[in-house]
Colleague: 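I have a structure here, written as structure tokens, and I will follow up with some questions on it.
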Amino acid sequence: MKHIKNKIPFLFLFSLCCTLVFCLCTQTAESMAAAKTPLERHGRLKVSGSHLVNDRDEIVQLKGISTHGLSWYPQYVNKKAFQNLRDKWGVQVIRLAMYTAEYNGYCTGSVQNKKDLEALIDKAVGFCDDLGLYVIIDWHILSDSNPNTYKKQSKAFFKKLAKKYAGHKNIIYEICNEPNGNTTWTQIRSYAKTIIRTIRQYDKHGIIIVGTPTWSQDVDTAAANSIKDKNIMYAFHFYAATHTESYRQKLQEAVNAGLAVFVSEFGICEASGSGRIDQSEADKWMQLLDQNKISWIAWNLSNKNETCALINSCCSKTYGWKRSDLSETGRWVFDMLNP
């Protein structure tokens with residue numbers, strides 16, 4: 001009995017130690033789980049040479065999805081959708097495409113429409129904050145061709161945003177989606193310098209993406225006369241069934257010249273956003289982007305009846321999608337995010 005009694009304190013202490021170890025391991029597991037958001041993994045991003053890097057100076061290749069125009073499909077801006085994209089798809093960044101001149105565009109719609117778009121962006125940023133996602137606020141010029149067309153409105157918009165979000169570590173500003181027509185790099189560069197100065201008055205660190213001529217494809221022109229700022233990147237867009245090897249060469253040459261490029265929009269179909277899909281060319285693009293650690297954003301989160309929409313046109317779900325709810329493009333993008 002005496003021998004057994006002497007064992008009791010030892011067994012009690014052993015049990016207590018095991019309990020403490022289990023609690024510590026559980027807390028560590030919970031801490032690790034809580035630190036799995038993209039923002040918690042990478043912190044504030046910055047540009048280093050031709051690369052995007054995290055707060056530990058490690059190269060980061062962000063991968064994400066763009067909304068369609070916020071005025072057309074506001075229903076996809078919901079927290080469950082963004083969480084679904086983060087947790088099930090592996091998305092790290094959401095791009096908010098706010099058209100400037102098309103249907104209910106920010107610069108052409110009513111005063112109330114402008115307020116509604118700003119409120120929707122603010123709501124989307126809040127969701128991304130909560131979910132630890134990066135978010136691109138995209139000044140989506142298209143039919144207006146030249147960003148100087150609405151330069152005054154752009155300056156006021158980005159001033160308001162930079163003041164509001166300067167303390168955020170996850171905000172990326174895209175200041176001119178796709179300059180086109182006869183718009184030159186000289187014109188874009190002049191516009192960009194004004195908007196960059198406006199943003200930098202309030203946000204000294206945020207990444208700024210500058211569009212390039214010919215629907216954001218002439219990155220070689222930008223590389224020859226880039227803008228002096230520590231955290232500037234340059235947009236390159238492609239649609240795989242239209243833009244093939246010569247465009248890949250143009251992109252590679254710009255990167256080789258030291259340009260920091262962000263593919264802030266792409267599709268695997270024709271440049272119209274519809275037509276045929278070319279998965280073979282799309283795979284070649286992905287290989288190039290992965291080799292160079294270039295971040296990319298797939299177009300677009302909607303059920304619009306066109307090839308580049310990620311959701312089937314017959315699917316009305318705004319979150320919780322199954323594979324059968326996705327279009328051919330949607331399934332391909334999902335697989336790229338989950339190799």
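All of these numbers come straight from a predicted model, not from anything done at the bench. We count residues from 1, following the sequence as given.
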Colleague: Which residue pairs satisfy the side-chain hydrogen bond (donor to acceptor under 3.5 Å, both in side chains) criterion with at least one member in residues 329-339, sequence neighbours excluded?
Modeller: Asp283-Trp332, Arg323-Asp335
Colleague: For residues 90-104, which residue pairs pass the salt bridge (Lys or Arg N to Asp or Glu O under 4.0 Å) check, not counting sequence neighbours?
Modeller: Arg95-Asp138, Arg95-Glu174, Arg95-Glu265
Colleague: Report the residues that fulfil salt bridge (Lys or Arg N to Asp or Glu O under 4.0 Å) with Glu178, sequence neighbours left out, ordered by chain and then residue number.
Modeller: none
Colleague: State which residues pass salt bridge (Lys or Arg N to Asp or Glu O under 4.0 Å) with Lys160; sequence neighbours excluded, sorted by chain then number.
Modeller: Glu118
Colleague: Does Asp87 have any salt bridge (Lys or Arg N to Asp or Glu O under 4.0 Å) partners at least two apart in sequence or in another chain, and if so, which?
Modeller: none
Colleague: Who are the side chain to side chain donor-acceptor pair (under 3.5 Å) partners of Asn104, not counting sequence neighbours?
Modeller: none
Colleague: With Asp55, which residues qualify under salt bridge (Lys or Arg N to Asp or Glu O under 4.0 Å), at least two apart?
Modeller: none
Colleague: For Phe334, check ring-ring contact (aromatic ring centres under 6.0 Å, His included) against everything at least two apart and list the hits.
Modeller: Trp89
Colleague: Not counting sequence neighbours, which residues clear side chain to side chain donor-acceptor pair (under 3.5 Å) with Asp57? List them please.
Modeller: Lys46
Colleague: Inspect the contact between Glu281 and Lys284 and indicate whether a charged nitrogen and a carboxylate oxygen are less than 4.0 angstrom apart.
Modeller: yes
Colleague: Got a sec, which residues hit side chain to side chain donor-acceptor pair (under 3.5 Å) with Tyr134, two or more places apart in sequence or on another chain?
Modeller: none
Colleague: Which ILVMFWY residues are connected to Ile59, directly or by a chain of links, through side-chain heavy atoms under 4.5 Å apart?
Modeller: Val53
Colleague: Name all residues meeting the side chain to side chain donor-acceptor pair (under 3.5 Å) criterion together with Ser313; count only those two or more places apart in sequence or in a different chain, and write none if there are none.
Modeller: none
